[in-house]
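Start at 1 and go down the list; that is how both ligands and their atoms are numbered.
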Amino acid sequence: MSVTTGPHATDTLPEGTVDAVVIGGGAAGLNGALMLARSRRSVVVIDSGSPRNAPADGVHGLLGLDGTPPAELYERGRAEVRRYRGAIVRGEVTSAEPAAPSDAGDPRFTVTLSDGRTLTARRLLVATGLRDVLPDVRGLAGHWGSGVVHCPYCHGWEVRDEPVGVLAVGPASVHHALLFRQLTDDLVYFTRGTELDEETRARFAARHIQIVDSPVEEVVEADDGGIAGVRLADGQVVARRVLAVATLMRARTEGLEGLALPMEDLPGGMGRRFVSGAAGATEVPGVWVAGNATDLTAQVGASAAAGALAGAHMNAHMVTADTDAALVEVSGHL
Ligand SMILES: Cc1cc2nc3c(=O)[nH]c(=O)nc-3n(C[C@H](O)[C@H](O)[C@H](O)COP(=O)(O)OP(=O)(O)OC[C@H]3O[C@@H](n4cnc5c(N)ncnc54)[C@H](O)[C@@H]3O)c2cc1C
């Protein structure tokens, strides 16, 4: 069924109505597809191929797979889905909308790809992940995922004992700094105009965290391509090798507007997500959501687990619908 080979292999789109289309083939989407495919559901994963952790060297904190390069993990996942006849199509969903339900009232959706191809599905799993929005500091974005990090559990160990700077973005950065202090003794907190009360300053002092209140001008690059430091508005450069920054996390919604899935902003300017209930069910019958698209802080393991749970619930939902339809059919013939 695969029409190309290698890491970017893509399968042909099946004809007719499939049981499930999974939008997004990262940890959440692939694990959801795996559960559906193993339940003998026809499933198609549409994936545009830009998982959130693509810039990272390895996936950390994932039991049994710690340090595996992201591309390798997802390639393994795709092979596992294909092993059970799931299809993986490289492409971007540009539209997904409810279509007329079946005669038995079972939901239907039309999914359109950027190249114009369409498919019809009984259920949808939205697993599109999120986009990290960095603060607007000159030179910062170029080091994202290497010298610029956000997550102490993803790359904290790798930057242990380095001179680390925390670029504050709001009140939550205080806790962020304490988490990175656990990993290095050499920590500088750049307030960047955010408020820091006297009690917090005393707590930082007690942990030997230096505080810089001068505005940050830019990130200075070292000769080796890494980070040399942070230039302040007065021209002074504070030497740092690593910068930790909390990003604004926004669920990826492109192409999904037609589903009208409810969304919400999380407190503290943390980000925006799709609202979901038990096992990732949404208010739109037939649509589930899993991974970072709804759980902004989920790591790879939690995203995969959420996808698996959603996939199992989607199958359970269809099992009931199939049985209801069979009963109507049998009754009609009596
Ligand atoms: C730099 C960095 C390092 C990280 N390191 C770690 C780590 O070490 N350990 C860890 O556990 N977690 C780590 N994370 C977190 C990890 O990236 C997330 O937990 C994980 O990617 C969430 O999985 P997901 O499936 O929800 O989303 P993603 O992995 O982002 O996958 C979403 C997929 O959907 C696709 N997509 C989106 N929209 C569409 C569309 N319209 N049509 C088709 N496809 C679409 C995307 O291309 C992407 O492939 C890291 C994050 C970052 C930013």
Side-chain angles (χ1 to χ4, degrees), residues 7-8 10 21-34 44-71 73-75 77-78 88-96 111-115 117 119 124-134 141 143-159 242 244-259 271 273-274 276 280 288-308 310-311:
H8 298 292
T10 183
V21 165
V22 177
I23 306 175
L30 288 173
N31 220 146
L34 186 60
V44 181
V45 179
I46 312 288
D47 183 44
S48 56
S50 55
R52 184 181 173 209
N53 56 352
D57 290 339
V59 177
H60 290 288
L62 186 62
L63 192 68
L65 292 167
D66 183 73
T68 308
L73 180 70
Y74 302 134
E75 184 50 31
R78 288 191 288 270
I88 318 267
V89 173
R90 184 59 60 133
E92 185 165 0
V93 170
T94 50
S95 149
V111 176
T112 307
L113 276 64
S114 58
D115 59 11
R117 289 180 294 167
L119 67 169
L124 292 184
L125 175 57
V126 171
T128 49
L130 65 79
R131 272 190 214 294
D132 290 285
V133 183
L134 287 164
H143 297 280
W144 173 236
S146 52
V148 174
V149 299
H150 72 301
C151 162
Y153 304 105
C154 303
H155 11 228
W157 173 265
E158 285 63 40
V159 304
V242 175
V245 63
T247 60
L248 173 68
M249 299 180 285
R250 301 186 67 90
R252 293 174 70 169
T253 60
E254 308 93 88
L256 305 176
E257 298 79 5
L259 294 173
R273 69 167 195 130
F274 288 111
S276 64
W288 275 255
V289 60
N292 276 170
T294 184
D295 184 354
L296 302 178
T297 59
Q299 289 190 269
V300 169
S303 300

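For D57, the CG atom counts as loosely surrounded, since its 6.0 Å shell holds 12 or fewer non-hydrogen atoms of other residues, nucleotides or ligands.
Interface of D132 with ligand 1, defined as ligand atoms under 4.0 Å from a residue heavy atom, comprises 53 (C). Ligand 1 places these atoms under 4.0 Å from at least one heavy atom of N292: 18 (C), 19 (O), 20 (C), 22 (C), 26 (O). Numbered from 1 in the order shown, with element, the atoms of ligand 1 that lie under 4.0 Å from a heavy atom of A298 read 18 (C), 19 (O).
Not a single heavy atom of G255 sits under 4.0 Å from any atom of ligand 1. Residue contact check for ligand 1: W144 places a non-hydrogen atom closer than 4.0 Å to it. Proximity of A127 to ligand 1 is established by a heavy-atom distance of less than 4.0 Å. Residue G91 places a heavy atom less than 4.0 Å from ligand 1. Look at L62 and you'll find every heavy atom at least 4.0 Å from all atoms of ligand 1. The closest approach between any non-hydrogen atom of A302 and ligand 1 is not below 4.0 Å.
When only modelled atom types and interatomic distance are considered, R52 and S303 share no side-chain donor-acceptor pair under 3.5 Å.
Considering backbone and side-chain atoms alike, G301 places every N or O at 3.5 Å or more from each N or O of ligand 1.
Summarising the geometry of L30 relative to Y74, their closest heavy-atom pair is CD1-O, 3.7 Å, with the distance given to 0.1 Å.
Looking only at protein heavy atoms, the nearest one to atom 21 (O) of ligand 1 is R52 CB, 3.8 Å.
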